[in-house]
Amino acid sequence: MSTRTLKPEALVLFDLDGTLIETAADMTDALRATLARWVEQPALTQAEVERTIGHGTRDLLAKTLVAAGVVWAEAVHGSVELVEAETLYAAHYLAHSGQASRLYPHVQETLAALRAAGVACVLLTNKEERYTWPLLQAHGLHAAFDRVVCGDTLPVKKPDPRAILECLDHFAVPPGRALMVGDSAVDVETARRAGIPVWAVP
């Protein structure tokens with residue numbers, strides 16, 4: 001990303017998982033540890049987890065429980081299994097946060113260059129705050145943003161555009177001078193619903 005095309009009052013919003021940090025390995029480890037409560041030697045792969053990331057931890061856990069045959073899809077969101085899974089997942093993920101994940105190349109340099117140029121940088125993730133901040137701390141990104149909006153910061157989360165609209169207002173940036181950077185259809189939909197440009201990374 002080049003800061004030469006961005007003027008000082010510009011705003012860039014970044015997704016977290018799969019955009020700034022490759023976190024699927026951390027999540028896969030935590031999900032396997034969670035599934036072990038019901039399934040002997042869970043055969044969950046990282047590729048399967050990568051296809052499911054994007055809508056927050058509760059959605060990820062629900063889909064994982066259903067795929068593993070622990071609970072029916074129609075009953076998962078009101079199930080005791082999902083409640084127990086949330087507790088098990090949180091304990092494992094927080095105890096090992098950042099150990100298997102890695103920053104993508106040039107993330108720290110890019111964020112530092114943008115902010116040095118006067119560009120406001122926002123983290124916009126559906127990951128909950130209790131999981132986001134330890135991960136940022138583990139990778140030295142806890143002070144890299146002007147604002148952090150997590151999946152439970154507002155009453156709504158991506159693809160609802162409210163967080164982007166509030167950031168546009170907060171930083172007094174018109175939609176045409178903002179940019180969303182993400183890796184999923186959720187990020188693209190969120191940006192389009194907010195009326196701002198979006199860059200999708202692999």
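- Residue pairs meeting the salt bridge (charged side-chain N to carboxylate O under 4.0 Å, His left out) criterion with at least one partner in residues 33-56, sequence neighbours excluded, are Arg37-Glu84.
- Atom CD of Gln108 is separated from atom OG1 of Thr110 by 10.0 Å, given to the nearest 0.5 angstrom.
- Of the inter-residue distances, the one linking His170 atom NE2 with Arg147 atom CZ reads 5.0 Å to the nearest 0.5 angstrom.
- The list of salt bridge (charged side-chain N to carboxylate O under 4.0 Å, His left out) pairs with a residue in residues 113-135, not counting sequence neighbours, reads Asp17-Lys127, Arg115-Asp146.
- Taking each heavy atom of Ala36 and Pro42 in turn, the nearest pair found is N-CG, 3.8 Å.
- You'll find the side chain of Val39 reaches within 4.5 Å of the side chain of Val70, heavy atoms only.
- With hydrophobic clusters built from ILVMFWY side chains whose heavy atoms lie under 4.5 angstrom apart, Val186 does not share a cluster with Val49.
- Distance alone, capped at 3.5 Å, is enough to place a donor-acceptor pair between the Asp26 side chain and the Gly98 backbone.
- For the atom pair Leu111 CG and Cys121 SG, the distance stands at 5.5 Å (nearest 0.5 Å).
- Checked by atom type and distance alone, the side chain of Lys158 never pairs as donor or acceptor with a backbone atom of His55 at under 3.5 Å.
- If you chain together hydrophobic residues whose side chains sit under 4.5 Å apart, Ile164 and Val156 never meet in one group.
- With Asn126 contributing its side chain and Gly54 its backbone, the two residues share a donor-acceptor pair below 3.5 Å.
- Contact record, Leu135 with Ser101: CD1-OG, 3.6 Å, taken as the closest heavy-atom pair.
- Trp38 is not connected to Val83 by any chain of hydrophobic side-chain contacts under 4.5 Å among Ile, Leu, Val, Met, Phe, Trp and Tyr, and they are in different clusters.
- Within the 4.5 Å cutoff, the side chain of Leu16 has heavy atoms near those of the Thr132 side chain.
- The salt bridge (charged side-chain N to carboxylate O under 4.0 Å, His left out) check on Arg193 picks up Glu189, with sequence neighbours excluded.
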- Query: Which is it for Glu86 and Thr57 under the side-chain contact (heavy atoms from CB on, under 4.5 Å) test, yes or no, and what are the steps along the way?
  - Reply: CA-CA 8 Å; Glu86 288 181 300; Thr57 304; over 6 Å; no
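- Proximity of a side-chain donor or acceptor of Asp187 to a complementary backbone N or O of Asp183 within less than 3.5 Å is detected.
- Contact record, Ala68 with Leu35: CB-CD2, 3.9 Å, taken as the closest heavy-atom pair.
- Dense packing is recorded around CD of Glu109, with more than 12 heavy atoms of other residues, nucleotides or ligands lying under 6.0 Å away.
- Side-chain contact between Glu81 and Val76: absent, with no pair of heavy atoms (C-beta onward) separated by less than 4.5 Å.
- Shown here are the ring-ring contact (aromatic ring centres under 6.0 Å, His included) partners of Tyr89, two or more places apart in sequence or in another chain: Tyr93, Tyr131.
- Between Val107 and Leu141, some side-chain heavy-atom pair lies under the 4.5 Å cut-off.
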- Using the side-chain contact (heavy atoms from CB on, under 4.5 Å) rule, take Phe145 and Val122 through it: C-alpha gap first, then chi angles, then the decisive distance, then the call. CA-CA 5 Å; Phe145 301 95; Val122 172; 5.9 Å; no
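- Applying the side chain to side chain donor-acceptor pair (under 3.5 Å) rule to His92 yields no partners; only residues at least two apart in sequence or on another chain are considered.
- A distance of 9.5 Å separates CZ of Phe14 from CG of Leu123, quoted to the nearest 0.5 Å.
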- Task: Kindly determine whether Thr45 and Thr28 satisfy side-chain contact (heavy atoms from CB on, under 4.5 Å), including the steps that lead there.
- Result: CA-CA 7 Å; Thr45 68; Thr28 303; over 6 Å; no
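- When atom types are taken as modelled, the side chain of Asp15 and the backbone of Thr125 share no donor-acceptor pair closer than 3.5 angstrom.
- Counting all heavy atoms, side chain and backbone alike, Pro175 lies closest to Ile196 at O-CG2, 3.5 Å.
- Sequence neighbours left out, the pairs with a member in residues 62-80 that pass side chain to side chain donor-acceptor pair (under 3.5 Å) are Asp59-Lys63.
- Looking only at side-chain heavy atoms (C-beta outward), Thr19 and Tyr104 stay at 4.5 Å or farther from each other.
- The two residues Ala138 and Ser97 come nearest to each other via the heavy atoms CB-O, 4.0 Å.
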- For the pair Asp29 and His96, evaluate side-chain contact (heavy atoms from CB on, under 4.5 Å) and give the outcome as yes or no after the intermediate values. CA-CA 9 Å; Asp29 288 346; His96 303 279; over 6 Å; no
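- Leu13 has its side chain out of reach of Val181: every pair of non-hydrogen atoms, C-beta onward, lies at least 4.5 Å apart.
- Cys150 SG to Leu124 CG: the interatomic distance, rounded to the nearest 0.5 Å, is 9.0 Å.
- The shortest side-chain heavy-atom distance between Pro174 and Leu168 does not fall under the 4.5 Å cut-off.
- Taking each heavy atom of Pro197 and Ala178 in turn, the nearest pair found is CD-O, 3.0 Å.
- For the pair Ile21/Arg102, no side-chain contact is recorded, criterion being any heavy-atom separation below 4.5 Å from C-beta on.
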